[in-house]
There are 2 protein chains.
Amino acid sequence: MATKLNLDKLDYQIIQEMMENAEISYADLGKKFFVSAGTIHVRIKKLQEAGVVKGTKLNVDLKQLGYDVIAFIGVYLEKSSLYDIVAEELRKIPQIVRLNYTTGNYSMFGEVVCKDITELRQILHDDLQKIKGIERTETFISLDESFGRNVQVYKTK
Amino acid sequence: MATKLNLDKLDYQIIQEMMENAEISYADLGKKFFVSAGTIHVRIKKLQEAGVVKGTKLNVDLKQLGYDVIAFIGVYLEKSSLYDIVAEELRKIPQIVRLNYTTGNYSMFGEVVCKDITELRQILHDDLQKIKGIERTETFISLDESFGRNVQVYKTK
DNA sequence: ATTGAAAGAGTCTCAGT
DNA sequence: ACTGAGACTCTTTCAAT
């Protein structure tokens, strides 16, 4: 953990804006928030050094790239102490893009992105069955994403 | 849907690289893949026009911004025809950052990002209880994220 | 801390291949 | 389609406030 954070309104405004659109220029950000491009630069540098801003990611259309199936998988473990071992095995399956250790029904909860249902079935039947320590899994296939958005760190209105 | 896609190795390489790090310069991308910066520029422009590349997003450290609690919520609906109405109500809760319509146990599946457990409890007890059409919900609090990564559109090795 | 201006680096265009 | 060079824009630094 870096030095203590002390973010002001402008910092939050910059983060909020760039979470949606990281390509915006410092000049345009400055115009929007009534400061100079130099000030924006200093703020972003500060946020990067503090580790609040970790980088930028490309936002791609998975459907157009041929990834038609998104599913969530709830995993029941035989013993919760097996978490780390099973997590390492699940990491080897590249279609699993996210894995969380959770409270509640499931010991762990994953998200899978696949080309098609055939690929999903292969993961569920072939790959997951081979992993020792998994008692069973439950799968929820996403039929539609209602919305996906960012956290609100600054309220616009 | 735009005109038919015909992506080659270079396109996939660029996407793979920029999904992790969208800040990399065209010159550096060119060096990495043995083409000129101009070629990279043309490819990225093509990908943007096709809609495959939708933009770039800031990657932030939610913990450092004070968002300590991530949870997943499975929603049981009284009738699945209520999906759209309930989705609109859930959209009004800004801490719900994602909502999917799913097969399986739950009708819909959401992800919540909160400052703390108190805020999560308010959402579960106050906000969700008010929404008509929700039979009940199940919550899975993330104790730890094992990994989070991008889809593999191009295999490096 | 913020600014404005200058230097440096990156993007974008285009003629040539 | 790719390249290299020039024009243009954006980032980065810095002296002044």
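The sequence lines fix the lettering, A, B, ..., with proteins before strands; numbering per chain opens at 1.
- There is a path of hydrophobic side-chain contacts, each under 4.5 Å, that joins A:F147 to A:L143.
- To the nearest 0.5 angstrom, A:I141 atom CD1 is 11.5 Å from A:F72 atom CZ.
- Residue pairs meeting the ring pair (Phe, Tyr, Trp, His ring centres under 6.0 Å) criterion with at least one partner in residues 9-32 of chain B, sequence neighbours excluded, are B:Y26-B:H41.
- A salt bridge does not link B:E145 to B:K63: none of the charged side-chain nitrogens sits closer than 4.0 Å to a carboxylate oxygen.
- Contacts between residues 13-35 of chain B and DNA chain C, counted as heavy-atom distances below 4.0 Å, involve B:S25, B:Y26.
- Here the straight-line distance linking atom CD1 of A:I93 with atom CD1 of A:I73 works out to 8.0 Å at 0.5 Å rounding.
- Partners of B:K9 by side chain to side chain contact (heavy atoms under 4.5 Å, CB included), not counting sequence neighbours, listed by chain and number: B:Q13, B:Y154.
- Bounding nucleotides for the chain B contact on DNA chain D, 5' to 3', at a heavy-atom distance below 4.0 Å, are D:dC2 to D:dT3.
- Checking the phosphate oxygens (OP1, OP2) of C:dT11, no side-chain nitrogen or oxygen of B:H41 falls inside 4.0 Å.
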I'd like a table of atom pairs between the protein and nucleotides 6-8 of chain C - only N or O on both sides, under 3.5 Å - with the distance next to each one.
none

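- Applying the ring pair (Phe, Tyr, Trp, His ring centres under 6.0 Å) test to residues at least two apart or on different chains, the pairs with a partner in residues 81-104 of chain A are A:Y83-A:Y101.
- Partners of A:K32 according to the side chain to side chain contact (heavy atoms under 4.5 Å, CB included) rule, which considers only residues two or more places apart in sequence or in another chain, are A:E17.
- The side chain of A:S36 places no N or O atom within less than 4.0 Å of a non-bridging phosphate oxygen (OP1 or OP2) of C:dG4.
- Side-chain heavy atoms closer than 4.5 Å link hydrophobic residues (I, L, V, M, F, W, Y) into clusters, and following such links, possibly through other members, connects A:V153 to B:V60.
- For the pair B:D8 and A:K45, both in contact range of DNA chain D, the more 5′-proximal nearest nucleotide belongs to B:D8.
- Contact between the side-chain N/O atoms of A:R43 and the OP1/OP2 oxygens of C:dA1 is not found at any separation under 4.0 Å.
- Each salt bridge (charged side-chain N to carboxylate O under 4.0 Å, His left out) pair with one or both residues in residues 82-94 of chain A, not counting sequence neighbours, appears once here: A:E88-A:R91, A:E89-A:K92.
- Judged as a side chain to side chain contact (heavy atoms under 4.5 Å, CB included), and not counting sequence neighbours, the contacts of B:S36 are B:T39.
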Atom pairs, protein N/O to nucleotides 14-17 of chain C N/O, distance under 3.5 Å:
none

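- In this structure, NZ of B:K46 is placed 17 Å from P of C:dC12, rounded to the nearest angstrom.
- Note on residues 118-144 of chain B: pairs passing ring pair (Phe, Tyr, Trp, His ring centres under 6.0 Å), not counting sequence neighbours, are A:Y106-B:F140, A:F109-B:F140.
- Residues passing the side chain to side chain contact (heavy atoms under 4.5 Å, CB included) test with A:V86, sequence neighbours excluded: A:L77, A:L82, A:L90, A:M108, A:I131, A:I134.
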